[in-house]
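Following: one structure in structure tokens, then a few remarks.
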There are 2 protein chains.
Amino acid sequence: MKTPSAAEEPRWLTEEEQRTWLAYVHGTTLLDDHLDRQLQRDAGMPHLYYHLLVVLSGAPQRRLRMTELAMHTKITRSRLSHAIARLEKNGWVRREDCPSDKRGQFAVLTEGGFETLEKSAPGHVAAVRQALFDRLSPEQQKALGEIMEIIAEGLQPKEAGADLPWLR
Amino acid sequence: MKTPSAAEEPRWLTEEEQRTWLAYVHGTTLLDDHLDRQLQRDAGMPHLYYHLLVVLSGAPQRRLRMTELAMHTKITRSRLSHAIARLEKNGWVRREDCPSDKRGQFAVLTEGGFETLEKSAPGHVAAVRQALFDRLSPEQQKALGEIMEIIAEGLQPKEAGADLPWLR
DNA sequence: TCTCTATTGTTCAAATTTCAAGAAGGGTGC
DNA sequence: GCACCCTTCTTGAAATTTGAACAATAGAGA
């Protein structure tokens, strides 16, 4: 008979799981750092900020409500508020009031923001290629996509009350 | 004849590559956030700090030179200095002078730090399992480990002059 | 020994992120 | 209209991270 569930010995990671997890932490830490530096150097902003511009550039009329943008980028609205404020100072984004909801704000990619994006996109793509795609076989690329989609989906449960960053 | 290489059209990501990359960004962003919150709630520290304790606990005599610890965790010495200072305030780590190199410092896991680790480890492992391993097939786990090792290796070139965080 | 360069680790200030709180509008039921 | 709760977004302070500069020591070579 086993001990009560509250005192159950946790299922530790196997050695192979530990290796996998450590590789995950190392790989993501190094890649984050690498892209943040590359973009800070070549575009004057960290990766997240660059990604915000990318998402805006692909949205209808290059604009998105704050909460939607937070949702698309998987971050909190607070973090987004600060980030947009900074991008606004750079002249790369401007805010616009939402006509149908007086609480709402649009983040709009400016022409200057778009140009900055165009200038820095080649370097960024090259960095992602060099660090990631150029090193992986087609099978590994496919696997990585599937794996990351599973992880992302798992952390965004559909149920009400889920702890999602953009609802905090 | 093609245009000079400096003006070469960059190799943009294919649609599938874009999906993979977006999934990567989403998955890692959400998982980072998830673990930081879980550990902040249950152990009173972010994931990196927890990981520092883990690495120290596995080192000989539960101690490591600062630069070694930075190397093991893929971060800069500056970041590590701040982190260790905070962990020291918590009583989870202490510093010790290195007898053979007067510049050197050891970060040493204290008994209190070890106990904190023991208390929070089950919850952390459970979170990693739930978010990652429980959702992936054995093949996917294997693939993820291999992929992340490739990425990590690629970002740590052996050549002199490489831009490694712990040498900055 | 002396000099020059490299390594080690820290520090300050600026930038970013987190967290808790709050202002303001929307929407429902009465 | 009003009371109530929810959503939207922002704000300020604390925590963390980055980047540059620095002091101290190590190590190599003349």
Side-chain angles (χ1 to χ4, degrees), chain A residues 29 32-41 43-52 64-71 73-90 93 95-107 160-161 163-168, chain B residues 29 32-41 43-52 63-71 73-90 93 95-108 160-161 163-168:
Chain A
T29 302
D32 265 16
D33 174 83
H34 186 65
L35 293 183
D36 268 343
R37 277 192 131 232
Q38 185 266 318
L39 284 169
Q40 191 68 62
R41 175 165 51 76
M45 65 190 120
H47 184 210
L48 169 67
Y49 291 42
Y50 179 89
H51 188 55
L52 289 170
L64 237 30
R65 287 284 297 272
M66 293 297 278
T67 299
E68 284 183 282
L69 186 48
M71 205 175 312
T73 47
K74 314 304 176 191
I75 63 176
T76 62
R77 285 172 298 186
S78 170
R79 187 180 181 182
L80 180 60
S81 269
H82 291 296
I84 291 295
R86 196 271 223 188
L87 291 170
E88 207 171 15
K89 252 187 235 167
N90 283 282
V93 168
R95 291 182 217 244
E96 275 185 29
D97 292 338
C98 174
S100 66
D101 185 339
K102 285 181 189 161
R103 297 167 304 177
Q105 289 278 103
F106 281 104
D163 176 38
L164 301 171
W166 52 92
L167 299 181
R168 295 215 271 260
Chain B
T29 302
D32 265 17
D33 175 83
H34 186 65
L35 293 183
D36 269 343
R37 276 188 133 237
Q38 186 265 317
L39 284 168
Q40 192 68 63
R41 175 163 51 76
M45 64 190 122
H47 183 211
L48 169 68
Y49 291 41
Y50 179 89
H51 187 55
L52 289 170
R63 76 186 53 210
L64 237 30
R65 287 283 298 270
M66 293 297 278
T67 298
E68 285 184 284
L69 186 48
M71 203 175 314
T73 48
K74 314 304 174 192
I75 63 175
T76 63
R77 285 170 300 182
S78 170
R79 186 179 181 186
L80 179 60
S81 269
H82 290 296
I84 292 296
R86 197 270 222 186
L87 291 171
E88 207 172 14
K89 252 188 235 168
N90 284 280
V93 168
R95 291 183 216 244
E96 276 185 29
D97 293 337
C98 174
S100 65
D101 184 338
K102 284 180 188 162
R103 299 167 304 178
Q105 288 278 102
F106 282 103
V108 187
D163 176 37
L164 302 170
W166 52 93
L167 297 181
R168 292 213 273 260

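Here is the naming used below: chain letters follow the sequence lines, and residue numbers restart at 1 for every chain.
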Figure out the CG/C1' separation between Leu35(B) and dT18(C), and round it to whole Å. 16 Å

In whole angstroms, the gap separating P of dT7(C) from CG of Leu167(B) amounts to 8 Å

Qualifying residue, where the test is side chain to side chain donor-acceptor pair (under 3.5 Å) with Asp33(B) and the options are Arg79(A), Arg168(A), Lys74(A): Arg168(A)

Heavy-atom closest pair, residues Arg86(B) and Pro46(B): NH2-CD, 3.9 Å

Residue pair Met71(B) / Leu164(B), side-chain heavy-atom distance below 4.5 Å: no

Considering only heavy atoms from C-beta outward, does the side chain of Leu69(B) approach that of Ile84(B) to under 4.5 Å? yes

Just how far, in rounded Å, is C1' of dA6(C) from CG of Leu164(B)? 16 Å

Does the side chain of Thr29(B) come within less than 4.5 Å of Leu48(A)'s, by heavy atoms? no

Take the protein atom CZ of Arg41(B) and the nucleotide atom P of dT18(C), then report the distance between them rounded to whole Å. 16 Å

Return the value, rounded to whole Å, for the distance between atom CH2 of Trp166(B) and atom P of dA6(C). 20 Å

Would you give a per-nucleotide map of nucleotides 11-25 of chain D, 5' to 3', where B means the base has a protein non-hydrogen atom under 4.0 Å away, S means only the sugar-phosphate does, and - means neither? BB---SBBB----BB

Heavy-atom closest contact (Arg77(B) atom, Ala70(B) atom, distance): CG-CB, 4.3 Å

Tell me: CD of Glu68(A) to C1' of dT8(D), nearest whole Å? 12 Å

Value in whole Å for how far the P atom of dT18(C) lies from NE2 of His47(B): 15 Å

Rounded to whole Å, please give me the gap between CD in Gln105(A) and P in dA23(C). 18 Å

